[in-house]
Peer 1: 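A single structure is presented below for examination.
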Amino acid sequence: RFVTFSTHQRLPILTNNQFRSFVTDAIAAAREKHGFLLLAYVIMPEHVHIVLFPRPESEVGRVIGDIKQESAKKIVAVLEAKSSKLLERMRIVRDQESKTTVWQRRCYDHNCRAESNVWEKIDYCHKNPVNRGLVRDPARWEYSSFNAYSAVGEVPLRIDEPCFDGFTHP
């Protein structure tokens with residue numbers, strides 16, 4: 001599955017390594033809890049792409065919800081401690097209650113039905129920072145799985161080896 005989720009109003013909230021680390025930590029915790037394979041990821045300033053292979057019984061929406069909830073708690077706590085003006089732009093009223101939100105409610109979820117489609121999405125993740133002009137070389141974007149595939153440098157998250165034998169989860 002190729003999943004994209006974005007920050008509230010596509011605000012560039014994920015522009016520092018601390019907040020990006022909160023997201024990678026949340027992905028790692030969700031992987032531990034839900035047992036999915038993580039094939040690729042990239043954390044951009046206002047959205048996240050991940051390529052994952054969920055267990056048959058897993059609900060991808062619940063997986064993404066856990067990632068969003070865990071990372072949002074930490075991001076909001078830091079912003080509140082700093083009395084950040086960004087909090088004003090993150091406030092919404094839902095069910096007649098004022099809330100601070102980091103993420104948009106929905107996400108984009110695409111089923112990859114062929115091995116070639118999986119590799120296309122992995123490549124898309126890795127090229128995203130280059131295409132956006134954030135770096136010239138994908139190896140320079142630290143919060144991506146590119147270096148796990150190229151063995152160039154460190155990566156914040158361990159990547160699972162893709163298994164394409166009938167798309168069965170180990």
Side-chain angles (χ1 to χ4, degrees), residues 1-55 57-84 86-87 89-92 99-110 118 121-122 124-129 132 134-135 138-162 169-170:
R1 305 284 277 274
F2 174 67
V3 182
T4 301
F5 50 101
S6 300
T7 59
H8 175 67
Q9 297 181 348
R10 294 191 57 88
L11 293 170
I13 296 169
L14 307 174
T15 55
N16 68 59
N17 288 344
Q18 181 182 29
F19 289 178
R20 291 177 187 140
S21 291
F22 291 159
V23 176
T24 57
D25 291 348
I27 292 170
R31 176 167 48 182
E32 183 72 26
K33 178 179 177 180
H34 296 281
F36 60 85
L37 298 179
L38 181 63
L39 305 183
Y41 69 93
V42 63
I43 300 172
M44 300 294 288
E46 70 292 311
H47 67 278
V48 175
H49 296 298
I50 60 175
V51 180
L52 61 94
F53 193 52
R55 292 196 168 280
E57 69 275 8
S58 292
E59 294 178 31
V60 173
R62 192 171 304 265
V63 170
I64 301 305
D66 286 353
I67 294 168
K68 288 177 174 181
Q69 184 178 29
E70 183 67 25
S71 59
K73 282 190 291 189
K74 293 177 181 178
I75 291 168
V76 170
V78 169
L79 292 173
E80 286 176 343
K82 293 180 178 182
S83 300
S84 172
L86 186 57
L87 288 167
R89 298 178 64 195
M90 297 166 60
R91 297 227 193 278
I92 61 166
K99 299 177 183 183
T100 302
T101 187
V102 172
W103 303 104
Q104 291 182 8
R105 286 184 94 174
R106 307 263 182 232
C107 66
Y108 170 79
D109 178 15
H110 172 77
V118 173
K121 297 305 183 188
I122 290 171
Y124 180 86
C125 287
H126 296 158
K127 287 182 178 175
N128 205 218
R132 285 275 303 277
L134 299 172
V135 291
R140 305 277 300 161
W141 192 254
E142 184 179 347
Y143 285 88
S144 159
S145 55
F146 178 82
N147 288 338
Y149 284 94
S150 65
V152 172
E154 296 290 318
V155 290
L157 281 170
R158 176 183 52 83
I159 297 302
D160 296 301
E161 191 168 327
H169 198 288

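No hydrogens, no waters, no symmetry mates; every other heavy atom, side chains included, goes into these values.
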Peer 1: Crowded around Q18 CD? As in, over 12 foreign heavy atoms under 6.0 Å?
Peer 2: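 Atom CD in Q18 is packed in, count exceeds 12.
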Peer 1: Under 6.0 Å between the ring centres of F2 and H110?
Peer 2: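 Between H110 and F2, which both carry aromatic rings, the centre distance is not below 6.0 Å.
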Peer 1: Between atom OH of Y143 and atom CE of M44, what is the distance when rounded to the nearest 0.5 Å?
Peer 2: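 Here the interatomic distance stands at 15.0 Å.
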Peer 1: Looking only at heavy atoms, what is the nearest atom pair of L52 and V60, with distance?
Peer 2: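 Where L52 meets V60 most closely, the heavy atoms are CD1-CG2, 4.5 Å.
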Peer 1: Of the non-hydrogen atoms in R20 and L14, which two are nearest, and what is the gap between them?
Peer 2: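 Taking every non-hydrogen atom into account, NE-O, 3.0 Å.
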Peer 1: Can you list the residues that meet the side-chain hydrogen bond (donor to acceptor under 3.5 Å, both in side chains) rule with K73, with sequence neighbours excluded?
Peer 2: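 With neighbours one apart ignored, the set is empty.
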Peer 1: Return the minimal non-hydrogen interatomic distance between I67 and I50, and the atom names on each side.
Peer 2: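 The pair with the smallest heavy-atom distance is CD1-CD1, 4.2 Å.
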Peer 1: Apply ring pair (Phe, Tyr, Trp, His ring centres under 6.0 Å) to W103 and list each qualifying residue two or more places apart in sequence or on a separate chain.
Peer 2: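 W103 satisfies ring pair (Phe, Tyr, Trp, His ring centres under 6.0 Å) with F5 only.
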Peer 1: Before giving the answer on side-chain contact (heavy atoms from CB on, under 4.5 Å), spell out for M90 and V102 the whole-Å C-alpha distance, their side-chain angles and the decisive distance to 0.1 Å.
Peer 2: CA-CA 6 Å; M90 297 166 60; V102 172; 3.5 Å; yes
Peer 1: Rounded to the nearest 0.5 Å, how far does NE2 of H47 lie from CG of N128?
Peer 2: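 Taking CG in N128 and NE2 in H47, the distance rounds to 4.0 Å.
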Peer 1: Restricting to ring pair (Phe, Tyr, Trp, His ring centres under 6.0 Å), what partner residues turn up for Y108, sequence neighbours left out?
Peer 2: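 In terms of ring pair (Phe, Tyr, Trp, His ring centres under 6.0 Å), with neighbours along the sequence ignored, Y108 is linked to no residue.
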Peer 1: Identify the two heavy atoms, one from T4 and one from C107, that lie closest to each other, and give their separation to 0.1 Å.
Peer 2: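 Taking T4 first and C107 second, the nearest heavy atoms are O-CB, 3.2 Å.
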Peer 1: Of all heavy-atom pairs between L39 and D160, which one has the smallest distance, and what is that distance?
Peer 2: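 Where L39 meets D160 most closely, the heavy atoms are CD2-O, 3.7 Å.
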Peer 1: Calculate, to the nearest 0.5 Å, the distance between atoms CD1 and CD1 belonging to I27 and I64 respectively.
Peer 2: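 Answer for the CD1-CD1 pair, I27 versus I64, is 7.5 Å.
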Peer 1: Identify the heavy atoms of S144 and V155 that sit nearest to each other, and give their distance.
Peer 2: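 Smallest heavy-atom distance, with atoms named: O-CG1, 3.8 Å.
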Peer 1: May I ask you to decide if Q104's main-chain N or O and K68's side chain share a donor-acceptor pair within less than 3.5 Å?
Peer 2: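 A pair under 3.5 Å: yes.
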Peer 1: So how far is it from H34 NE2 to R55 CZ, rounded to the nearest 0.5 Å?
Peer 2: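 Reported value, rounded in 0.5 Å steps: 12.0 Å.
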Peer 1: Please confirm whether the backbone N or O of I43 pairs with a side-chain atom of W141, one donor and one acceptor, at under 3.5 Å?
Peer 2: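 Yes: the side chain of W141 pairs with the backbone of I43.
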Peer 1: Please identify each residue that fulfils side chain to side chain contact (heavy atoms under 4.5 Å, CB included) with H8, with sequence neighbours left out.
Peer 2: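 Counting only residues at least two positions away or on another chain, H8 forms a side chain to side chain contact (heavy atoms under 4.5 Å, CB included) with L11, I92, T101.
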Peer 1: Working to the nearest 0.5 angstrom, can you tell me the gap between I122 CD1 and H49 NE2?
Peer 2: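 Between I122 CD1 and H49 NE2, I get 13.5 Å after rounding to 0.5 Å.
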Peer 1: Before accepting this row, confirm whether a basic side-chain N of the pair E46/R132 lies closer than 4.0 Å to the acidic partner's carboxylate O.
Peer 2: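 A salt bridge is present here (some side-chain N lies under 4.0 Å from a carboxylate O).
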Peer 1: Could you check whether atom CZ of R89 has more than 12 heavy atoms from other residues, nucleotides or ligands sitting under 6.0 Å from it?
Peer 2: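 Atom CZ in R89 is not packed in, count stays at 12 or less.
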Peer 1: Walk me through it: do V51 and C125 pass the test side-chain contact (heavy atoms from CB on, under 4.5 Å)?
Peer 2: CA-CA 8 Å; V51 180; C125 287; 4.0 Å; yes
Peer 1: For residues 74-83, dump all side-chain donor-acceptor pairs below 3.5 Å to protein atoms at least two apart in sequence or in another chain.
Peer 2:
none

Peer 1: Looking at R91, I want to see if its CZ is surrounded by more than 12 non-hydrogen atoms of other residues, nucleotides or ligands under 6.0 Å.
Peer 2: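 Counting other residues, nucleotides and ligands, CZ of R91 exceeds 12 neighbours.
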Peer 1: For the pair S145 (side chain) and Y41 (backbone), establish whether a donor and an acceptor sit closer than 3.5 Å, ignoring hydrogens and angles.
Peer 2: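 Looks like yes, one N/O pair under 3.5 Å.
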Peer 1: Excluding sequence neighbours, so at least two apart, what forms side-chain hydrogen bond (donor to acceptor under 3.5 Å, both in side chains) with R1?
Peer 2: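 D109, N111.
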